[in-house]
Asker: 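Please find one structure pasted underneath; my questions will follow.
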Amino acid sequence: MNLEQAVLDKLRALLPVQQQEVLDFAEFLQPKNMTKKPLKSVKGLCADLKVDITEEDIAQARQEMWGNFPRQIV
């Protein structure tokens with residue numbers, strides 16, 4: 001007797017309410033077996049935009065954003 005047949009035999013011996021619980025549990029387990037697609041990096045998401053941001057660009061943007069920010073908070 002293989003595993004599938006053993007499970008079916010046990011399932012048939014259960015009450016309908018218990019069979020529903022087994023089905024619910026099997027549906028809960030099913031997504032865990034599916035492989036997840038790897039997430040794309042931000043660099044990969046923007047690759048088709050042909051944008052090249054340098055360290056100098058980032059430094060300039062920071063200076064523009066935070067240049068007038070008070071250094072000491074009272």
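Both backbone and side-chain heavy atoms feed into the values below; hydrogens, waters and symmetry mates do not.
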Asker: Enter the distance from D9:CG to E4:CD here, rounded to the nearest 0.5 Å.
Answerer: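 Nearest 0.5 Å value for the CG-CD distance: 11.0 Å.
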Asker: Which distance, rounded to the nearest 0.5 Å, do you find between the CG of L3 and the CG of L8?
Answerer: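 Interatomic distance, L3 CG to L8 CG, rounded to 0.5 Å: 9.5 Å.
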Asker: Same cluster for L23 and V17 if Ile/Leu/Val/Met/Phe/Trp/Tyr side chains link at under 4.5 Å?
Answerer: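 No; V17 is not reachable from L23 via cluster members.
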Asker: Once rounded to the nearest 0.5 Å, what's the spacing between atom CD of Q63 and atom CG of N68?
Answerer: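 Here the interatomic distance stands at 8.5 Å.
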Asker: How long is the span from the CG atom in L15 to the CD atom in E21, to the nearest 0.5 Å?
Answerer: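 Atom-to-atom, L15:CG and E21:CD are 10.0 Å apart.
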Asker: Rounded to the nearest 0.5 Å, what separates atom OG1 in T54 from atom CD in Q60?
Answerer: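 The distance works out to 8.5 Å.
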Asker: I'd like to know whether CD of Q5 has more than 12 heavy-atom contacts from other residues, nucleotides or ligands below 6.0 angstrom.
Answerer: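 Counting neighbours around CD of Q5, more than 12 heavy atoms of other residues, nucleotides or ligands fall under 6.0 Å, so yes.
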